[in-house]
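Only this structure's heavy atoms are used, side chains among them; waters, hydrogens and symmetry mates stay out. Sequential numbering from 1 along the given sequence is applied to the chain's residues.
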Amino acid sequence: MPQTARARTAHRPRWWAELLLLAVVYGAYSAGRLLARGDVSTAVDHGLAILRIEKAFFLNAEHPLNRLFTSTPALGIPADFAYASLHYLVTPAVLIWIFRRRPAHYRAARAWLMLSTLLGLIGFTLLPTCPPRLLDASYGFVDTMAQYSSYGWWGAEASAPRGLGGMTNQYAAMPSLHVGWAVWCGVLLWRHGKSPLLRVLGVVYPLVTVIVVMGTANHYFLDAVAGVAVMGAGALLTAPALRAADRGWTRATGRYAFVARHARLPAPTPVDEASVTGATPVNSPVKPPIVSDGCETSPGERFPGQRTRTNSSTRTAGGTGAAADDAAKAAR
């Protein structure tokens, strides 16, 4: 892996950038769910086909679980609360935990979640499926969300808040991302949790979610299986997707650096070394010092100092000559 890729993997990304990215992705996912609404009759046909396959292989565990939750409010009401809220609470909580405590693994965990959610959105589009609770009552299912709606904030239409049922796609049942996201949380808690409690939660939470989605008649057993398969496919695609993202990042940054290096910049102005350092250049001739220090005189005019020095010299010379004559007379 390139050095820039290792650095971006090891260091925690900026929280505000991650928050913005996740908000954009979840908004696109929610919009995609609404746009993926198929024909109701087609969704019902798909639901009945799944139910027939399950009955053929004795996999329709949702029937006895739904009867249990319907007849036992002590189980049905908490299950409805769990279905309507936990995937909105536990999934972000685990993502934040990875972001803060295991930053080296955050980027892979986030990519895994996003890729799997994208695959689930493709499944919603290609295979709209009527959940068991929306089938005709003759098929033996009871909508516990409608039965216990007076205990919670959800309405009879879906797990969305009361009055907002039209803002969700009730036929986005195959695969079950409730189960898929719970598996994602469980794997991360098991792999990166140091305490036994976190590891136990990593096993219990996905199992409880599977029971809840079937007991509330929101999903078939095969929906749950498809949710696990989607997360498995997302896990396999995570490493290649990250490598492709790293290559794209390296190329983009390399192209930017190339453009910056070859950009046309103005030629630098030559600097006079002597004007900066005060030193005389090596190859330049040495100029004599200016005695007058920039002052100019008229022709024949002497400086006052010169005049004084000349008179003194004359007197000194005269005194020396008289002393020499006296010495010659004494010798004679």
Engineer: Using side-chain contact (heavy atoms from CB on, under 4.5 Å) as the criterion, list what pairs up with Leu188, not counting sequence neighbours.
Structural biologist: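 Val94, Ile98, Ala109, Trp112, Trp184, His192.
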
Engineer: What pairs of residues pass the salt bridge (Lys or Arg N to Asp or Glu O under 4.0 Å) test when at least one of them lies in residues 197-217, not counting sequence neighbours?
Structural biologist: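 Counting only pairs at least two positions apart or across chains, no salt bridge (Lys or Arg N to Asp or Glu O under 4.0 Å) contact touches residues 197-217.
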
Engineer: List for me each residue that meets ring pair (Phe, Tyr, Trp, His ring centres under 6.0 Å) alongside Phe221, sequence neighbours excluded, and say none if there are none.
Structural biologist: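 So Phe221 forms no ring pair (Phe, Tyr, Trp, His ring centres under 6.0 Å) with any residue.
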
Engineer: Do Met114 and Leu119 have side chains that approach each other closer than 4.5 Å (heavy atoms only, starting at C-beta)?
Structural biologist: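 Contact flag for Met114/Leu119 side chains = no.
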
Engineer: Quick check: does any side chain N or O of Asn60 sit under 3.5 Å from a backbone N or O of Glu62, one acting as donor and the other as acceptor?
Structural biologist: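 Side chain of Asn60 to backbone of Glu62, a donor-acceptor pair under 3.5 Å: no, none is there.
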
Engineer: Can you give each donor-acceptor pair under 3.5 Å made by side-chain atoms of residues 69-77, sequence neighbours left out, with the distance rounded to 0.1 Å?
Structural biologist:
unit_1: Thr70; atom_1: OG1; unit_2: Asn66; atom_2: O; d: 2.6
unit_1: Ser71; atom_1: OG; unit_2: Arg67; atom_2: O; d: 2.9
unit_1: Ser71; atom_1: OG; unit_2: Leu68; atom_2: O; d: 3.2
unit_1: Thr72; atom_1: OG1; unit_2: Leu68; atom_2: O; d: 3.1

Engineer: Identify, with sequence neighbours excluded, every residue that meets side chain to side chain donor-acceptor pair (under 3.5 Å) alongside Thr216.
Structural biologist: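 Thr216 satisfies side chain to side chain donor-acceptor pair (under 3.5 Å) with Asn218 once adjacent residues are dropped.
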
Engineer: Can you check whether Trp181 reaches Val90 side chain to side chain, under 4.5 Å on heavy atoms?
Structural biologist: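 The answer is no, as the side chains (C-beta and beyond) never meet within the 4.5 Å cut-off.
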
Engineer: Let me check something: any side-chain donor-acceptor pairs from residues 200-215 under 3.5 Å, sequence neighbours excluded? List them with distances.
Structural biologist:
unit_1: Thr209; atom_1: OG1; unit_2: Tyr205; atom_2: O; d: 2.8

Engineer: Verify side-chain contact (heavy atoms from CB on, under 4.5 Å) between Arg133 and Val142, making sure each step is shown before the conclusion.
Structural biologist: CA-CA 6 Å; Arg133 64 185 180 85; Val142 176; over 6 Å; no

Engineer: For the residue pair Leu113 and Thr91, establish whether any side-chain heavy-atom pair is separated by less than 4.5 Å.
Structural biologist: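 They are in side-chain contact.
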
Engineer: Looking only at non-hydrogen atoms, find the nearest pair between Tyr171 and Ala43 and report the distance.
Structural biologist: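 Scanning both residues completely, I find the closest heavy atoms to be CD2-CB, 3.7 Å.
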
Engineer: So, do Trp190 and Leu198 sit near enough that their side-chain heavy atoms are less than 4.5 Å apart?
Structural biologist: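 No, every pair of side-chain atoms sits at 4.5 Å or beyond.
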
Engineer: side-chain contact (heavy atoms from CB on, under 4.5 Å) with Phe57: which residues, sequence neighbours excluded?
Structural biologist: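 For Phe57, the residues satisfying side-chain contact (heavy atoms from CB on, under 4.5 Å) (neighbours in sequence not counted) are Ile53, Leu59.
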
Engineer: Identify the two heavy atoms, one from His219 and one from Ala172, that lie closest to each other, and give their separation to 0.1 Å.
Structural biologist: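 Looking at all heavy atoms of both residues, the closest pair is CE1-O, 4.4 Å.
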
Engineer: Under the salt bridge (Lys or Arg N to Asp or Glu O under 4.0 Å) test, which residues partner Glu18, sequence neighbours left out?
Structural biologist: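 For Glu18, the residues satisfying salt bridge (Lys or Arg N to Asp or Glu O under 4.0 Å) (neighbours in sequence not counted) are Arg110.
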
Engineer: On a heavy-atom basis, which atom in Asp136 and which in Ser138 lie closest, and how many Å separate them?
Structural biologist: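 Closest pair (atom of Asp136, atom of Ser138, distance): OD2-OG, 2.7 Å.
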
Engineer: Taking all non-hydrogen atoms of both residues into account, name the closest pair between Pro132 and Phe141 and its distance.
Structural biologist: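 Between these two residues, the closest heavy atoms are O-CB, 3.5 Å.
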
Engineer: Looking at Ser41 and Asp39, would you say the former's side chain and the latter's main chain have a donor-acceptor pair under 3.5 Å?
Structural biologist: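 Pair absent, no side-chain N/O of Ser41 close to backbone of Asp39.
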
Engineer: Treating His87 as the side-chain partner and Ala182 as the backbone partner, does any N or O pair qualify as donor plus acceptor under 3.5 Å?
Structural biologist: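 No; zero donor-acceptor contacts below 3.5 Å.
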
Engineer: What residues form a side chain to side chain donor-acceptor pair (under 3.5 Å) with Ser195, not counting sequence neighbours?
Structural biologist: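 Testing Ser195 for side chain to side chain donor-acceptor pair (under 3.5 Å), a comparison that skips the adjacent residues, returns none.
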
Engineer: Output yes when a side-chain donor or acceptor of Glu54 lies under 3.5 Å from a complementary backbone atom of Leu222, and no otherwise.
Structural biologist: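 It does hold such a pair.
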
Engineer: What donor-acceptor contacts under 3.5 angstrom involve side-chain atoms of residues 231-242, with partners at least two apart or in another chain?
Structural biologist:
unit_1: Thr238; atom_1: OG1; unit_2: Gly234; atom_2: O; d: 2.7

Engineer: Taking C-beta and beyond as the side chain, do Asp143 and Tyr148 meet within less than 4.5 Å on heavy atoms?
Structural biologist: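 No, every pair of side-chain atoms sits at 4.5 Å or beyond.
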
Engineer: What residues, two or more places apart in sequence or in another chain, satisfy side-chain contact (heavy atoms from CB on, under 4.5 Å) together with Leu48?
Structural biologist: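 Leu48 satisfies side-chain contact (heavy atoms from CB on, under 4.5 Å) with Val44, Arg52, Leu135, Tyr139 once adjacent residues are dropped.
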
Engineer: Compare every heavy atom of Phe81 with every heavy atom of Tyr151, then report the nearest pair and how far apart it is.
Structural biologist: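 Taking Tyr151 first and Phe81 second, the nearest heavy atoms are O-CZ, 3.2 Å.
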
Engineer: Not counting sequence neighbours, which residues clear ring pair (Phe, Tyr, Trp, His ring centres under 6.0 Å) with His46? List them please.
Structural biologist: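 His46 satisfies ring pair (Phe, Tyr, Trp, His ring centres under 6.0 Å) with no other residue.
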
Engineer: Using a strict 4.0 Å threshold on nitrogen-to-oxygen distance, state whether Arg251 and Asp246 make a salt bridge.
Structural biologist: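 Salt bridge absent between Arg251 and Asp246.
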
Engineer: Any idea which heavy atoms bring Pro175 and Gly123 closest together, and the distance?
Structural biologist: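 For Pro175 and Gly123, the tightest heavy-atom pair comes out as CD-CA, 4.2 Å.
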
